[in-house]
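Working notes, beginning with the structure itself.
Throughout, a chain's letter reflects where its sequence line sits, starting with A, and its residues are numbered from 1.
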Amino acid sequence: MKQDIHAYLTGQGVSEELIREAAAFRERYPVEPEFAGRVEVPAMPFLGKDTLEMAMAGLLQGENLLLCGGKATGKNVLCQTLSWVFGRPAFDISCHIHTDSASLIGTDTFRDNQVQFRKGPVTLCAQAGGFGVLDEINMAKNDAVSVLHAALDHRRRIDVPGYQRIPLHPAARFLATMNLGYAGTRELNEALVSRFLVVDMPPLQKETLEDLLRRYFPDMKNPALEQFSGLFLDLQRKAGNGEISTKALDLRGMIGGIRAIRSGLWPSLAIRMGVLNKSFDSFEKEILEDAANTRIPAGWSREDVFGG
Amino acid sequence: MEGRGQAAEDLPALEGRRLEIENRLRNLFWTVSGDYSLDVRPDAETFLRSPGLALYDAVKQGAFVSHFDPRALALYTLQKRAMGADEQALTTLTQLCVDAAAYPLASRERRGVAEMRARAFRELLEGGSFRGRPEQLRKCLILRFLGQPVQIPEELLPAVEIIDGLSDARDTEAIIAAIDRLYNSLADPTFEALHGDLKAVRRVTGEALVAFSRSQALSDRQIQQVLEEYLSAAREELLKTGQVRPARREAVRPNDSQEEEVAPPDPAEAEKVYAFIERQFGKSDLPPAEREKRNRRLCTGIHRGCSLHFTQGVLQNPVLKNTQYLRTQMQSMKNEMYFQMKGQNIQRSVTLLSAMLKQAQIQRMDEDAVPSEQGQIVPGRLWKVGRIRDPKLFDREKRRDQADFLVDILLDSSSSQALRQPQIAAQGYIVSQALSLAGIPHRVCGFCSYWDYTMIHRYRDYDDPIEANRSILQFRAFGENRDALAIRAIREGMLARPEEKKILILLSDGRPNNLGVRRPGSSRPPAYVGEEAVRDTAQEVRKTRSLGIGVLGIFVGSEEDLAAERKIYGKEFIYSRSILSFAHIVGTYLRTLMEDSD
Ligand SMILES: Nc1ncnc2c1ncn2[C@@H]1O[C@H](COP(=O)(O)OP(=O)(O)OP(=O)(O)O)[C@@H](O)[C@H]1O
Ligand SMILES: [Mg+2]
């Protein structure tokens, strides 16, 4: 596995120094057996040297990261990749309006006939020295996340009211993600942002996307690969200009659709299922469909997409 | 007509559908061009007849504008026409060359484009007419692309070769050169000898171009403006793949190639249209003879062919309770709800505003009292008796009847206002209520245009009781706006009133715009848009002022139209970001006027 990490990082062109430091980090903080299951090898690691280097350097400096970007820019994939690269267990903490301080750090429960503190994911992560992924942190209310302030700054601790302070394990980090241009997103408050190193996630570039699709589908024909990635970029640009919502901007959906082609589904139908059906607005659907029609001919079959 | 008859009954649906189609086509254009800052005027009409054609046009235009310069192309065709080229033939050949150059680019990048082109071509084949050599050439190319058997005539072979040569055209000049060669060989072999070669064509100046289509003398800047307008209008046509004519017309008048423009109004059709307008907007307030007379008097000049429709609205005077009636009722209920919700605020605004207006009137009365030999005795002056020769112990009130002010409120009720209907209704109501309380006669109307009709919807008349103000809550935004004609219509009513001071206040939210969707059987007046419409509206405002009526334009809209609005209303013009300050602005303006006047 160590071998894999090294191969991946060099493959991405990450600097030798960072690779060495990450390896040292892994050695200094070996994974406790009870959390070994939480260190996953990503099915498809993050692609993008600059972003990766910046994130790694930040984490090595003890920073917490705020990954900001549009939909499908690989925020979650990056989190997963980082926890793998640094060999730390990942704790997923998804945020929403109903997130409150109790659901983050924990709350009192009744167990064995007595009141006990049941740890929340943040507390668990802090003690295990894990990487806590605060997914879509901007969806949570400000006062809910304010309990994290002490954990995120130099104090590196969690204050649980009525209990002792819980210090953070030296390897613990928090990785927050934030969707830009998402309906219902609110501005993050300054006090929270200032506690993170902000990493801007660039929108998927043509080369990265083609690289990605190629990794998923080594046997896809070049023209087909160009059309699928081209379509995704068309939609990404359209969403960026506010002409469509980001619902259809779903790379996983597209990848699933392409997979279905291999099992015999017509490409134009597969695209409809994987991407176009994500939109429930009929006007929007027409716009998506028009874009797809310029790329994927109705006459294409599996043989036009996969060769060999 | 059959096809539309049913749909037309449901106007908002049709209107909504058109916007939807335009948005769809625009998006497809952007998808392909990749440049979302580009502006296009999508052709929803074509889409309704031949969707495949309209979609392919959008794709092709997107590809064309990102590789070539459509303006240069349009300029060339104008130059060529100014030298005597036939518009029809030149347009056809240009369309063929544009398609030949843009298609390979589009289809190389996007694999679905070939199928889209095939669909468009099939529609064109069904609905198009192919007379004359340029059109024959078009037909050959279409058949060849569709893989159908075609015998290309000997004399068209060189032309086909020129067209095929464009498949790797790199710049606009190459396309222009090809068009020119095609025109000079296919359409008019004598052209070069009689008028000159391509170089000579390209030397035609902008001035000459404008003079070619217009005879008035214009300034350099005007020439440039007119030229740009021509160019952008020409572009639309040139980048199309072709035109499919409506099938029925074709059947009725097979020999008339330009019947679209010159169809005389059919009286029976006009009857139907009028009945339709009445159903949609409410019965007319006027007997037929008076209607006729007003139209003849007011719809002149640039508004020739238009009609005015004076009504109190579909809720007040319905013909039947159709969809339009229900929708208007629904909007009116929404306005009512907003009104109830904001009840306190609205009441407070009314009180404030009416107090302000009354105050201004009292002040005028004070100032108007002059010392005099007779009138109201002023005790404080009694000491003068016997001491001063001409003591003027009295005040004579020069007080005039309060009715010497007359106010007209004219609200743009075109569909661009759709997002703020309840707010406009409430603001209109506040102003009206305050004026009523201050005893100032006033009228409130909305205006909008549909087809060649301009509706003047009167919510309350000058001397209506205060209760009538409530009907402003029936405000509904719909259609386009032909501001100048509405101003004319309103002005006539104002001039007939005895009051000395007359003020017209106009709420506007953008430049005048009346494309006049083509409707069957009418003498469609020319589109009322752009620079020309702005100039004409400005003239109407000036004329109104010269007749002694004060005109205040209040503009609530996007800043891009600010310059145009300012041009229209000149000095008496207020820009407000929010409709919510409308009542306040009106109040302040009227107070100032009242205090200043003598
Ligand atoms: N730079 C990247 N490297 C690898 N995969 C990527 C990258 N960008 C996007 N992806 C792919 O896009 C898909 C979505 O990625 P991910 O869920 O991480 O995005 P996200 O930014 O979290 O999006 P969302 O806003 O939907 O949560 C995944 O299938 C992932 O493989
Ligand atoms: Mg995510």
Side-chain angles (χ1 to χ4, degrees), chain A residues 181 203 205-206 210 220-245 248-249 258 261 266-272 275-276 279 281-305, chain B residues 13 15-40 42-44 47-48 51-64 66 102-120 122 145-147:
Chain A
Q205 300 294 306
K206 186 164 181 280
E210 288 182 355
M220 185 149 57
K221 288 186 172 167
N222 266 332
L225 188 113
E226 267 170 28
Q227 294 308 305
F228 283 110
S229 80
L231 176 57
F232 189 83
L233 295 171
D234 283 348
L235 300 184
Q236 183 171 270
R237 188 178 283 141
K238 206 170 267 306
N241 281 285
E243 291 295 321
I244 54 169
S245 69
L249 216 55
I258 299 176
I261 298 174
W266 285 82
S268 59
L269 217 58
I271 266 308
R272 199 146 291 138
V275 179
L276 310 189
S279 168
D281 177 317
S282 68
F283 306 155
E284 186 173 290
K285 215 176 238 176
E286 281 175 342
I287 290 175
L288 296 172
E289 200 152 340
D290 286 341
N293 285 341
T294 69
R295 294 285 191 182
I296 319 289
W300 265 10
S301 67
R302 172 170 55 184
E303 283 61 43
D304 291 293
V305 177
Chain B
E15 182 99 340
R17 177 102 183 97
R18 214 180 73 195
L19 294 175
E20 207 183 289
I21 294 169
E22 285 178 2
N23 188 40
R24 180 174 170 187
L25 295 174
R26 199 179 294 122
N27 257 287
L28 186 51
F29 169 85
W30 281 330
T31 301
V32 177
S33 71
D35 182 352
Y36 283 76
S37 67
L38 291 175
D39 193 27
V40 261
D43 184 357
F47 183 91
L48 290 171
L53 190 57
L55 291 170
Y56 175 63
D57 274 348
V59 169
K60 188 183 56 182
Q61 287 169 18
F64 188 83
S66 41
Y103 170 72
L105 292 166
S107 63
R108 217 172 296 145
E109 195 184 322
R110 294 165 186 275
R111 297 300 171 117
V113 174
E115 276 178 16
M116 299 181 84
R117 191 195 207 197
R119 179 177 172 203
R122 278 193 298 272
F145 180 76
L146 292 177

Rounded to the nearest 0.5 Å, how far does CG of A/Leu231 lie from CZ of B/Arg110?
8.5 Å
Among the listed options B/Ser107, B/Gly34, B/Ala114, the residue most often paired with chain A at heavy-atom distances under 4.5 Å:
B/Gly34
Is chain A contacted by the side chain of B/Val113, its backbone, both, or neither, given a heavy-atom distance below 4.5 Å?
both
Between A/Gln227 (side chain only) and B/Glu109 (backbone N and O only), is there a donor and an acceptor less than 3.5 Å apart?
yes
Region of A/Ala298 that comes under 4.5 Å of a non-hydrogen atom in chain B:
both
Contact summary for A/Asp234 and B/Tyr36, nearest pair of heavy atoms
O-OH, 4.3 Å
Pairwise distance OG1(B/Thr31) to CG(A/Leu233) - rounded to 0.5 angstrom
12.5 Å
Correct closest heavy-atom pair for B/Glu115 and A/Gly299 would be OE2-N, 2.8 Å
Hey, what do you get for CG (B/Leu28) to CD (A/Glu286), rounding to the nearest 0.5 Å?
11.5 Å
Over all heavy atoms of both residues, which pair between B/Arg24 and A/Ile287 is shortest? Give the atoms and the distance, please.
CA-CG1, 4.3 Å
